[in-house]
Amino acid sequence: MKLSVPLYRGIETLYGTRDENIRLLETELKIRTRLLTDSLEVEGDPPGVERCGQILSDYSDLLREGHSFGPEDLTSYLRVVAGDATVSLRALVASGRQRNFGKKVLAPKTINQRRYLEAIERNDLVFGIGPAGTGKTYLAVAMAVSALITKRVSRIILTRPAVEAGEKLGFLPGTLKEKVDPYLRPLYDAIYDMLEAEKVEKLIERGVIEVAPLAFMRGRTLNDAFIILDEAQNCTPEQMKMVLTRQGFNSKMVVTGDATQIDLPPGRRCGLIEALEILKGVAGISFVSFDERDVVRHSLVQRIVKAYERHHEASGIGRQLALRLTEAASAAEAAETIPPV
């Protein structure tokens, strides 16, 4: 099948650096393209050609309406729409505008990021598991800020275990806050990226935003809150149970972690992996698994993550983890489709 798509002024930007975007479409949709004087010719199997025509039509319409795309954003959008036939480019771009993320206007850049945001909107407890750079923590903070701004919750609780990443730091001088703040810096960075610094300081001062080590959660009931547990792979089973049972009325909780970067002492069982085994099939809980295709940092990071995954698969670690995640996600999806008795 062949299709000729008229070229709108600016459509050439679709090609990207060294034609990477058009090559992405050709590979994912199994098509061939040829640039003519006043049109782009697309050839291949009917489903791929029709899908490409729809993507190009949406892209032209968005350009005519004055929307501009950054090179990296466009590549991420195209990766999503080429890999998921249920998503249109227009809807994907619009989905970022519909959410209020403070200073930021964000749209999911991969299929799994889209599923992650939808899972957070739909469920009160979501596990986001995957490698560094996939947006697990950043998107969770964005959703927390959105919930706070729209008054769906009255406070944000950000917590993570204070575990050294393979280094013995010894005695740290200063107040308790000064001792634990370095462990919590990534959470502060995400918050300051979403809101003005002065507003963040006021919200922290009033206790509307709380950034605290995991040990501070014991004995509390967190009502009307958006709770994020980051770096959950460094929780023990006892800590994981403790924090999961802190959730109160009108609260959401997002648990993020990377099971390939566990910094617990030798012999200690990972609370995140145990939670995946115990909670699979529990209604109201969603599990979203990320992989190297979801990495939105430097392209080299994707290749590094993939190399480590190959190594872990060879040793059997990755295979066991992938199986647990798949079982948990399947059971959660099945539970969501069964109506309550």
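Here, residue 1 is the first one in the sequence, and each next residue gets the next number.
- A salt bridge links Arg90 with Glu65: the distance from a Lys NZ or Arg NE/NH1/NH2 to an Asp or Glu carboxylate oxygen falls below 4.0 Å.
- Between Asp84 and Arg114 there is a salt bridge, since at least one side-chain N of the basic residue sits less than 4.0 Å from a carboxylate O of the acidic one.
- Side-chain contact annotation: Glu26 with Thr33, donor-acceptor N/O pair under 3.5 Å present.
- Residues Ser146 and Arg152 bring a donor and an acceptor atom of their side chains to less than 3.5 Å of each other.
- In this structure, Leu29 and Ile55 approach most closely via the heavy-atom pair CD1-CD1, 4.2 Å.
- In this structure, the side chains of Thr137 and Val254 stay at 4.5 Å or more apart for every pair of heavy atoms.
- Pairing each heavy atom of Ser251 with each of Gly248, the nearest pair is CB-O, 3.4 Å.
- Under a 3.5 Å cut-off, the side chain of Ser60 and the backbone N or O of Leu56 do form a donor-acceptor pair.
- Taking all atoms of both residues into account, the shortest heavy-atom contact from Ser289 to Asn112 is O-ND2, 3.3 Å.
- Side-chain contact between Thr221 and Phe249: absent, with no pair of heavy atoms (C-beta onward) separated by less than 4.5 Å.
- Here the side chains of Val255 and Leu244 are in contact, with some heavy-atom distance below 4.5 Å.
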Inset, instruction - List the steps and the verdict of salt bridge (Lys or Arg N to Asp or Glu O under 4.0 Å) for Arg79 and Glu20. - result: CA-CA 11 Å; Arg79 189 177 291 117; Glu20 64 176 345; over 6 Å; no
Apply the test side-chain contact (heavy atoms from CB on, under 4.5 Å) to residues Lys2 and Glu41: give CA-CA distance (whole Å), side-chain angles for both, the deciding distance (0.1 Å), then the verdict.
CA-CA 7 Å; Lys2 278 188 180 181; Glu41 188 178 86; 4.1 Å; yes
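- Between the side chain of Gln247 and the main chain of Asp124, a donor-acceptor pair closer than 3.5 Å is present.
- No side-chain heavy atom of Phe127 sits under 4.5 Å from any side-chain heavy atom of Lys136.
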**Request:** Walk me through it: do Leu272 and Asn234 pass the test side-chain contact (heavy atoms from CB on, under 4.5 Å)?
**Result:** CA-CA 8 Å; Leu272 176 61; Asn234 290 326; over 6 Å; no
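- Within the 4.5 Å cutoff, no side-chain heavy atoms of Phe226 are placed close to those of Ile157.
- Using a 4.5 Å cut-off on side-chain heavy atoms (C-beta onward), Leu35 and Tyr15 make contact.
- The aromatic rings of Tyr116 and Phe290 lie perpendicular to each other, with more than 60° between the two planes, well past the 30° mark.
- Under the 3.5 Å distance criterion, the side-chain polar atoms of Arg160 are left unmatched by any main-chain donor or acceptor of Ile228.
- The shortest non-hydrogen separation linking Met242 to Leu214 is CE-O, 3.6 Å.
- Put simply, CD1 on Ile273 and CD on Gln233 are 9.5 Å apart, with the number rounded to the nearest 0.5 Å.
- Of the N and O atoms on the side chains of Gln113 and Tyr138, not one donor lies less than 3.5 Å from an acceptor on the other residue.
- Heavy-atom minimum distance, Pro161 versus Asp230: CD-O, 3.3 Å.
- Distance alone, capped at 3.5 Å, places no donor-acceptor pair between the Ser39 side chain and the Leu36 backbone.
- In this structure, the side chains of Leu229 and Cys235 come closer than 4.5 Å at one or more pairs of heavy atoms.
- With a 6.0 Å radius and a threshold of 12 heavy atoms from other residues, nucleotides or ligands, Asp45 has its CG atom at or below the threshold.
- Shown here for Arg269 and Glu277, the closest heavy-atom pair between the two residues is NH2-OE1, 2.8 Å.
- Side chains of Asn21 and Tyr77 form no contact here, defined as non-hydrogen atoms less than 4.5 Å apart.
- Taking the charged nitrogens against the carboxylate oxygens, Glu210 and Arg220 do have a contact shorter than 4.0 Å, which makes a salt bridge.
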